Amino acid sequence: MIKSVCGYCGVGCGLEFEENKLIGDVVYPTNEGKLCSKGISELVSIQTPTRLLRPQLREDIKNEYKVTSWENTISTIANKIKQTSKEKVGFYLSGQLLTEDYYIANKLGKGFIGTNNVDTNSRTCMSSAVSAHKKAFGIDYVPVRMEDVHKANLLILAGANTAEAHVVFHNRIKKAKKAGLKIIVIDPRFTDTAKIADLHLPLKPNSDIDFFNLVSKRIIDEELVDEEFIKTHVNNYELLKNKFKRVPITKMLKRTGLTKEQFEDFWLLYKNSENIISAWTMGLNQSAQGVDKNLALINTHLLSGKIFKEGNGPFSLTGQPNAMGGREVGGLSTMLAVHLGFDKESIKKVSEFWNTKKINKNVGLTATQMMDANLDVLIICHTDPVYHLPNRNKVEKLIQKIPMVIEINAYENSETSNFAHIKLPASPWGEKEGTQTNLDRTITKQEKLTRTSIDCKPDWEIFQLIAEKLGYKDEFNYSCSQDIFEEFQEMTKLNPHLNISETSYEKLKEAPFIWGEKIRKNKEFFTENKKANLYFVENKLLSEKANLKYPFILLTGRTRDQWHSGTKTNLPKTLLKFKELNFCEIHPKNAKSLNIKDGDIIKISSIRGEIESKALITKSIREDTVFIPVSHRGINYLTNDLLDKESLQPDYNHSAVKIEKLI
Ligand SMILES: Nc1nc2c(c(=O)[nH]1)N[C@H]1C(S)=C(S)[C@@H](COP(=O)(O)OP(=O)(O)OC[C@H]3O[C@@H](n4cnc5c(=O)[nH]c(N)nc54)[C@H](O)[C@@H]3O)O[C@H]1N2
Ligand SMILES: Nc1nc2c(c(=O)[nH]1)N[C@H]1C(S)=C(S)[C@@H](COP(=O)(O)OP(=O)(O)OC[C@H]3O[C@@H](n4cnc5c(=O)[nH]c(N)nc54)[C@H](O)[C@@H]3O)O[C@H]1N2
Ligand code: SF4
Ligand SMILES: [Mo]
């Protein structure tokens with residue numbers, strides 16, 4: 001029997017593999033033996049005919065790909081990089097990469113090619129939370145663990161649909177509910193998660209800042225502020241107190257679209273709860289004010305002192321399996337490595353550690369900037385930007401201007417593959433080993449369960465080959481992923497709060513390791529004066545607005561059994577019984593006025609593009625919105641490419657669209 005971990009979502013469920021079968025690991029702390037349909041089907045996805053199995057190359061994207069050798073593709077890439085100025089090279093990585101893969105790519109890009117254009121699809125996912133954590137706590141740190149739901153009295157889920165996106169954690173929430181946990185869901189849609197809520201608040205899209213400001217005001221007005229905690233642990237309270245007090249109730253309530261009664265129902269549950277966790281995901285992060293939305297929520301916990309206590313705290317739920325590990329390594333272009341930035345001292349430390357003089361002192365391009373930056377070489381690994389970036393028609397135009405696009409993927413049917421010149425076959429989950437950090441800082445070892453397909457290589461080996469061809473053989477001299485992990489562990493000592501060096505591959509084979517537990521025990525913040533920062537933020541109403549021509553706001557999100565673009569889950573021979581993947585939720589009133597019936601094929605358009613889908617008429621959606629899941633591969637032809645100005649995360653969820661019936 002081999003123990004491993006699911007490679008899909010941030011819950012990171014433990015698995016056991018025996019005689020070609022996968023089951024949940026009963027003693028694993030996060031899932032206690034449970035798995036969702038995606039975890040159960042991990043093995044199926046390795047055996048599909050859509051696997052990418054050979055390196056392929058073409059000079060022009062109008063041509064067909066031709067199968068070629070590793071030697072040829074790696075030489076072509078290295079030669080091109082040598083001829084290109086370093087600021088014209090970009091690495092587009094993924095929160096689904098293992099820590100070892102991430103580490104190597106970051107070291108190669110930032111340390112040796114000398115470009116900080118090393119970013120990740122986590123930019124579209126977690127970057128607002130990262131920025132807010134750093135502003136409020138002085139460090140990118142999640143102060144809550146999943147097991148805390150059993151100690152909480154109230155769980156607020158804001159813009160998070162755990163029933164479909166963090167399925168096994170959702171089971172745990174249901175268990176806690178049976179033992180008395182109260183649940184409030186704040187989401188414009190009546191989601192599957194809302195079905196288990198004691199209270200659902202269908203607020204207007206993008207009014208979360210107004211809502212949480214009302215909560216902060218009320219905490220202050222009713223003297224529920226934890227004065228002692230504030231005195232020792234929080235900055236700016238006296239300075240901002242009156243700003244919170246002056247928040248205009250009627251105006252803010254109107255903006256949220258909630259009634260006074262709904263807010264009072266919320267408040268009754270809130271003020272009577274000793275221990276409160278507020279968890280959030282894309283409904284807050286993916287916004288033109290994603291960082292501010294995060295801060296508005298975090299404020300409520302700092303004011304009431306409900307943080308760093310069991311069963312309490314602001315809980316950002318990471319989406320991808322290793323988005324957290326990527327942050328630890330330094331996989332964002334706005335960070336250098338191991339939570340260090342681009343200040344002089346950090347650059348010196350990292351340069352010495354890697355024994356390089358090539359590190360550039362300026363932050364690099366973000367994933368959301370790379371397409372529009374006249375790059376000459378773009379290496380895309382374990383992600384599908386043509387599918388996932390907003391305003392796809394524009395992305396398709398821009399990517400065609402990049403002379404060399406390299407795609408490292410384990411499957412051949414990504415949307416990006418239509419725009420790449422070189423495709424390199426990676427070994428997927430099950431054919432490789434390495435580590436990943438889940439949403440509550442738990443580091444787990446993924447094990448190799450079957451042989452690696454002949455011409456496929458683990459992602460780290462592919463970066464190693466490129467490094468060797470560029471002349472960095474000694475600097476990238478690793479014989480296995482353990483070598484890399486150990487170097488990374490050594491590097492984390494440059495930033496001692498990352499106590500990752502306390503574990504080892506041997507120990508991880510037996511049990512997971514949770515980093516940063518001392519931080520919450522010692523109530524440590526990492527700002528200059530070691531206190532957390534309150535920020536007063538206001539809703540600037542930046543998102544695209546519905547108008548006469550495009551009268552609905554499009555919300556987007558997950559479906560339970562599908563993983564994003566579906567290369568691994570939407571398979572012909574899948575064991576999964578899919579929930580519907582392609583639909584557009586429309587309120588019955590709108591359906592009636594547009595003469596649309598359930599199941600009708602409809603056209604949805606925005607100012608940027610159009611797609612077709614199937615009408616699903618439901619009262620679970622607000623009248624001013626429609627919902628299309630990201631399992632519709634064309635979703636981003638519609639979405640707006642407006643970004644949060646600090647995190648540069650897209651405002652995916654708030655694009656104005658219209659609907660027409662197709663005859
Ligand atoms: N409209 C809208 N757009 C969104 C979002 C939204 O909510 N709404 N969400 C955003 C968010 S949060 C995210 S995280 C992104 C996700 O967007 P993507 O990351 O583009 O989605 P995936 O389909 O998960 O892409 C992963 C790719 O990795 C490949 N792969 C699988 N295994 C391996 C491997 O072992 N090695 C390598 N090299 N490749 C492998 C898969 O075949 C697939 O092509 O989408 C973003 N886009
Ligand atoms: N089955 C499955 N699970 C997944 C994934 C997958 O592809 N498939 N992907 C993983 C990844 S990478 C991620 S990032 C997570 C995402 O996890 P979640 O964010 O929980 O999933 P979404 O379905 O994107 O849910 C976002 C919710 O925000 C709501 N929302 C939209 N706008 C607003 C707003 O302005 N305010 C509020 N309060 N809510 C709003 C939407 O209606 C939606 O219900 O899921 C992870 N888990
Ligand atoms: S909840 Fe997430 S980690 Fe657990 S089995 Fe499902 S997809 Fe995998
Ligand atoms: Mo994500």
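The shown structure was predicted, so the numbers you read here are calculated from the model rather than taken from an experiment. Quick note: residue numbers are just sequence positions, from 1. Indexing begins at 1, ligand by ligand and atom by atom, following the structure's order.
For ligand 2, the polar-atom distance check against Asn161 finds a nitrogen or oxygen pair separated by under 3.5 Å. Close N/O approach between Arg560 and ligand 2 is found [any backbone or side-chain N/O within under 3.5 Å]. Considering backbone and side-chain N/O of Ala160, none are found under 3.5 Å from N/O of ligand 2. Checking only distances, Thr191 never comes within under 3.5 Å of ligand 2, N or O to N or O. Polar contact with ligand 2: absent for His166 (N/O pair, distance under 3.5 Å). Taking any N or O of Lys204, backbone or side chain, none lies under 3.5 Å from an N or O belonging to ligand 2. In terms of N/O distances under 3.5 Å, ligand 2 is not approached by Gln320. Polar contact check, Ala165 against ligand 2: a nitrogen or oxygen pair lies under 3.5 Å apart. Residue-to-ligand polar distances keep Trp563 apart from ligand 2: every N/O pair is separated by 3.5 Å or more. The shortest N or O to N or O distance between Asp561 and ligand 2 is not below 3.5 Å.
There is no side-chain donor-acceptor pair under 3.5 Å between Tyr8 and Thr569. Side-chain polar atoms of Thr50 and Thr48 form a donor-acceptor pair below 3.5 angstrom. No hydrogens or angles considered: nothing links the side chains of Thr256 and Ser207 as a donor-acceptor pair under 3.5 Å. For the residue pair Ser655/Glu544, the side-chain donor-acceptor check at 3.5 Å is not satisfied. If you check the side chains of Gln649 and Ser127, you find a donor sitting under 3.5 Å from an acceptor. Looking at Ser216 and Asn299, their side chains never bring a donor and an acceptor atom within 3.5 Å of each other. If you check the side chains of Thr435 and Glu100, you find a donor sitting under 3.5 Å from an acceptor. Side-chain N/O atoms of Asn640 and Asp651 include no donor and acceptor closer than 3.5 Å.
The contact set between ligand 3 and Val168, taken as ligand atoms under 4.0 Å from a residue heavy atom, comprises 1 (S), 4 (Fe). Residue contact check: Gly39 has heavy atoms under 4.0 Å from atoms 5 (S) of ligand 3. For ligand 2 and Cys125, the ligand atoms under 4.0 Å from any heavy atom of the residue are 14 (S). Ligand 2 places these atoms under 4.0 Å from at least one heavy atom of Cys9: 47 (N). Near Gly12, meaning under 4.0 Å from any of its heavy atoms, are these atoms of ligand 3: 3 (S). Ligand 3 places these atoms under 4.0 Å from at least one heavy atom of Tyr8: 7 (S).
Ranking the protein heavy atoms by distance from atom 34 (C) of ligand 2 puts Gly283 O, 3.4 Å first. Of the protein's non-hydrogen atoms, His654 NE2, 3.3 Å is the one closest to atom 32 (N) of ligand 2. Scanning the protein heavy atoms around atom 19 (O) of ligand 2, the nearest turns out to be Met282 N, 2.9 Å. Of all protein heavy atoms, the one lying nearest to atom 43 (C) of ligand 2 is Asp187 OD2, 3.4 Å. The protein heavy atom nearest to atom 11 (C) of ligand 2 is Gly319 CA, 3.4 Å. What sits closest to atom 6 (Fe) of ligand 3 on the protein, heavy atoms only, is Cys36 SG, 2.3 Å. Of the protein's non-hydrogen atoms, Asn206 N, 2.6 Å is the one closest to atom 35 (O) of ligand 2. The protein non-hydrogen atom at the shortest distance from atom 36 (N) of ligand 2 is Asp208 OD1, 2.9 Å. Nearest protein heavy-atom neighbour of atom 24 (O) of ligand 2: Arg558 NH1, 3.0 Å. The single protein non-hydrogen atom nearest to atom 2 (Fe) of ligand 3 is Cys9 SG, 2.3 Å, given as residue, atom name and distance.
In Asn20, the CG atom is not crowded: 12 or fewer heavy atoms of neighbouring residues, nucleotides or ligands sit closer than 6.0 Å. More than 12 heavy-atom neighbours from other residues, nucleotides or ligands sit within 6.0 angstrom of NZ on Lys509. For Ile607, the CD1 atom sits in a loose shell: 12 or fewer heavy atoms of surrounding residues, nucleotides or ligands are nearer than 6.0 Å. Within 6.0 Å of NZ on Lys545 lie more than 12 heavy atoms contributed by other residues, nucleotides or ligands.
Taking OG1 of Thr383 as the start and CG of Leu93 as the end, the distance is 9.0 Å to the nearest 0.5 Å. Considering CZ of Arg123 and OG1 of Thr366, their distance stands at 5.0 Å, rounded to 0.5 Å. Rounded to the nearest 0.5 Å, atoms CG (Asn161) and OG1 (Thr193) are 3.5 Å apart.
Heavy-atom distances between Leu203 and ligand 2 reach below 4.0 Å in at least one pair. The shell of residues lying under 4.0 angstrom from ligand 2, judged by heavy atoms, excludes Thr318. Within the 4.0 Å heavy-atom shell around ligand 2 one does not find Gln286.
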Would you please test Asp148 and Arg145 for salt bridge (charged side-chain N to carboxylate O under 4.0 Å, His left out) and show each step? CA-CA 5 Å; Asp148 278 297; Arg145 314 247 2 264; over 6 Å; no

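Note: Phe263 and Phe211 have perpendicular aromatic rings, judged against thresholds of 30 and 60 degrees for the angle between ring planes. Ring geometry for His388 versus Tyr92: interplanar angle of 30 to 60°, hence tilted. Between His564 and Tyr387, the angle of the ring planes lies from 30° to 60°, which puts this pair in the tilted group.
With a heavy-atom cut-off of 4.0 Å, Cys6 touches ligand 3 through its side chain alone. Heavy atoms of Gln289 found under 4.0 angstrom from ligand 2: none, in either backbone or side chain. Here Gln562 has backbone heavy atoms under 4.0 Å from ligand 2, and that is the only part of it that gets that close.
Considering only non-hydrogen atoms, atom 7 (O) of ligand 2 lies nearest to His564 out of Glu585, His170, His564. Nearest to atom 4 (Fe) of ligand 3 by heavy-atom distance, out of Pro321, Cys13, Ser41, Gly24, is Cys13.
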